[in-house]
Amino acid sequence: MITSAPVGPPPYPPAPAHLPPAPAAPARKRRAAVAGVVAVLVLALVCGLAVAWFMTREDGGPLAGRPRVEDGAAGISYAIPGGWERNDKGGLINAFTSSVAMKRTASDARTDDEGGGRTVLAGRAGGIPQSSLRPQTERAARSNAEFFYPDGRSTIEESRATTVSDRPAHTVVLKVNDRQGRTAHLRMTLISVDDSRSAFLLGITQPAGPAERREVDSVLESASLVQRSSEADFR
């Protein structure tokens with residue numbers, strides 16, 4: 001289902017064309033026009049405050065109050081832990097629509113050589129009946145494990161039904177062992193957004209210590225659904 005490797009973040013969409021300037025208002029209508037402008041500015045301020053709240057909202061949990069990724073293409077939102085950043089250095093392949101990862105530093109070179117790190121990727125898919133969520137999620141999780149660890153062996157540690165914003169979802173946790181004796185933690189949540197589309201979050205951790213696992217898990221657990229800006233976002 002989803003077997004392509006992430007190579008960077010999604011490209012930014014083109015900026016919309018500027019609207020033509022409005023015609024000058026007649027003198028007798030200027031007072032009404034000024035009042036209208038003030039009303040618009042007040043509304044914009046209120047909307048701005050609402051957006052600021054929405055971008056940092058969280059219903060609770062370890063990532064409460066953290067900035068969030070608002071992925072309109074996938075129709076989901078999720079929190080960014082401290083010390084993480086959105087991956088905005090290139091273009092994601094079609095399987096993924098956004099991603100966040102632990103910030104990398106020069107001291108991380110040895111860990112990188114050993115295949116270490118923490119990352120979460122989001123994406124979208126077609127409609128999935130609730131009865132098919134479990135097998136589809138398990139299949140997709142194993143497929144990703146095989147791609148990212150082609151020489152490894154994966155074992156399902158957890159497979160359970162859940163909900164995201166009151167929509168049916170399923171979470172699968174895999175333990176992955178590679179031939180070098182290293183262990184990775186892969187967690188995938190697949191959400192039935194509506195009858196025609198689904199969304200997912202995929203978290204990968206290596207090394208898979210308890211603290212690292214909890215951090216990646218908390219990102220997936222912070223997920224909520226958001227309204228897409230247009231139907232074109234999902235094409």
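For the numbers below, each heavy atom of this structure counts, side chains included, while hydrogens, waters and symmetry mates do not.
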Item to check | Student check: side-chain heavy atoms of Val219 and Leu63 closer than 4.5 Å | outcome: yes
Item to check | side-chain contact (heavy atoms from CB on, under 4.5 Å) between Ile80 and Val69, worked out | outcome: CA-CA 7 Å; Ile80 307 173; Val69 174; 3.7 Å; yes
Checklist entry - For the residue pair Met188 and Ala141, what are the closest heavy atoms and their distance? => result SD-N, 3.7 Å
Next on the checklist: Please check: side-chain N/O of Thr162 versus main-chain N/O of Thr171, any donor-acceptor pairing under 3.5 Å?
Outcome noted: no
Item to check | Atom pair CG (Asp217) and CD (Glu212), whose distance is rounded to the nearest 0.5 Å | outcome: 11.5 Å
Checklist entry - Is a side-chain N or O of Ser154 found less than 3.5 angstrom from the main chain of Asn177, in a donor-acceptor match? => result no
Checklist entry - Does a side-chain N-to-carboxylate-O contact under 4.0 Å join Glu138 and Arg134? => result yes
Next on the checklist: I'd like to know if the side chain of His185 and the backbone of Leu174 have a donor-acceptor N/O pair within less than 3.5 Å.
Outcome noted: no
Checklist outcome for this item: Residues Ile76 and Phe200: closest non-hydrogen pair is CD1-O, 3.7 Å
Item to check | Main-chain N/O of Ser77 paired to Arg68 side chain as donor or acceptor, under 3.5 Å | outcome: yes
Checklist entry - Going only through I, L, V, M, F, W and Y residues with side-chain contacts under 4.5 Å, is there a path from Val173 to Val164? => result no
Checklist outcome for this item: Correct closest heavy-atom pair for Arg86 and Ser98 would be NH2-CB, 3.7 Å
Next on the checklist: If the threshold is 4.0 Å, N to carboxylate O, is there a salt bridge linking Arg197 and Asp194?
Outcome noted: yes
Item to check | Under 3.5 Å: donor-acceptor pair, side chain of Ser165, backbone of Leu225 | outcome: yes
Item to check | CD (Gln130) with more than 12 external heavy atoms under 6.0 Å | outcome: no
Checklist entry - Between Thr137 (side chain) and Leu133 (backbone), is there a donor-acceptor pair under 3.5 Å? => result yes
Item to check | Over all atoms of both residues, closest heavy-atom pair of Ala79 and Arg66 | outcome: CB-CB, 4.4 Å
Checklist entry - Is there a donor-acceptor pair under 3.5 Å between the side chain of Arg187 and the backbone N or O of Gly203? => result no
Checklist entry - Is there side-chain contact between Lys175 and Thr183, with at least one heavy-atom pair below 4.5 Å? => result yes
Item to check | Closest contact, heavy atoms only, Glu215 versus Pro81 | outcome: OE2-CB, 3.8 Å
Checklist entry - So, the side chain of Arg118 versus the backbone of Thr205: is there a donor-acceptor pair under 3.5 Å, distance only? => result no
Checklist entry - Should we count CG of Asp151 as having more than 12 external heavy atoms under 6.0 Å? => result yes
Item to check | From Leu190 atom CG to Leu202 atom CG, the distance as rounded to the nearest 0.5 Å | outcome: 11.0 Å
Checklist entry - Do the side chains of Val120 and Val216 get nearer than 4.5 Å, heavy atoms only? => result yes
Checklist entry - After noting the C-alpha distance and the side-chain angles of Thr189 and Glu221, does the key distance pass the side-chain contact (heavy atoms from CB on, under 4.5 Å) rule? => result CA-CA 9 Å; Thr189 296; Glu221 290 166 358; over 6 Å; no
Next on the checklist: Minimum heavy-atom separation for Ala199 and Ala74, please, with both atom names.
Outcome noted: CB-O, 3.4 Å
Item to check | Atom CZ of Arg160: over 12 foreign heavy atoms under 6.0 Å | outcome: yes
